[in-house]
Amino acid sequence: MNYSLEILRNCTFCVELSANRTNVVVGDGAIDNPKVVFVGEAPGKNEDIQSKPFVGRSGQVLRQVLDALGYSKDDYYITNVVKCRPPKNRDPKLEEAKNCFPYLKLQLEAMTPEVICSLGTHATKYLISNGDFENISKRSISASRGNLIDIKLGDKEYKLFPTYHPAATIYNRSLRDTFVADLKKLKEIYQPI
Ligand code: URA
């Protein structure tokens, strides 16, 4: 398969996802050298309609926490591993994440963020495994979160900072304080006080 960001909006590599999508959700935010790139799992219904990541309920949580912590909109970009909505918001299949991952790699290469913040188990496991889909890490999100981890995608090195998915903090309210503390720590990493 031949990957470029130009073909992403018309991509049909995942037949089922492309047949059922309204829009490809490429990403949103500061595209020119953002300090942080947030990476979620896959778009949901609202994201598919608006062609923008994290605009539904979990997006409200994420964006409210970022605003409350004083993140500047110039400092971050938001995207997902999988750029098309899985039908009925099911988890993306491994094959779908594998098909789509090269687009994320191209985005990261173009933006060269100081830190990649993976949101939740799925985005974290693919990134922490350096995009090696034959050897996906089994490390739990609670063991990885809140730490800076060196990763390598192709020949590019990045710092990965995993945290919980904002949706997890809606279903399990006790995770919210940790999520906020992680994002506070992340801001201090790229913008020391
Ligand atoms: N959940 C995600 O992982 N990504 C979105 O864009 C929205 C919800």
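Index from 1, following the sequence. Indexing begins at 1, ligand by ligand and atom by atom, following the structure's order.
- If you number the atoms of ligand 1 from 1 as listed, the ones under 4.0 Å from a heavy atom of P53 come out as 6 (O).
- Between K98 and E134 a salt bridge is recorded (basic side-chain N to carboxylate O distance below 4.0 Å).
- Using a 4.0 Å cut-off between a side-chain N of Lys or Arg and a carboxylate O of Asp or Glu, K184 and E188 qualify as a salt bridge.
- Nearest non-hydrogen protein atom to atom 1 (N) of ligand 1 is H165 NE2, 3.3 Å.
- Heavy-atom proximity to E41, at under 4.0 Å, picks out these atoms of ligand 1: 2 (C), 3 (O).
- A42 O, 3.5 Å is the protein heavy atom nearest to atom 5 (C) of ligand 1.
- The pair K73-D67 counts as a salt bridge, with a side-chain nitrogen and a carboxylate oxygen less than 4.0 angstrom apart.
- Between the side chain of E157 and the backbone N or O of D150 there is no donor-acceptor pair closer than 3.5 Å.
- Looking only at distances, a side-chain donor or acceptor of S144 sits under 3.5 Å from a matching main-chain atom of S140.
- Every atom of ligand 1 with a heavy atom of G40 under 4.0 Å away is listed here by number and element: 3 (O).
- In this structure, the protein non-hydrogen atom closest to atom 4 (N) of ligand 1 is N80 OD1, 2.8 Å.
- Within the listing of ligand 1, atoms 8 (C) sit less than 4.0 angstrom from a heavy atom of S58.
- Of the protein's heavy atoms, E47 OE2, 3.2 Å lies nearest to atom 7 (C) of ligand 1.
- Taking only nitrogen or oxygen atoms, main chain and side chain alike, F54 reaches within less than 3.5 Å of ligand 1.
- Transitive grouping of hydrophobic side chains (ILVMFWY, heavy atoms separated by less than 4.5 Å) brings V24 and Y3 into a common cluster.
- Below 30°, between 30° and 60°, or above 60°: for H165 and F54 the angle between ring planes is between 30° and 60°, a tilted geometry.
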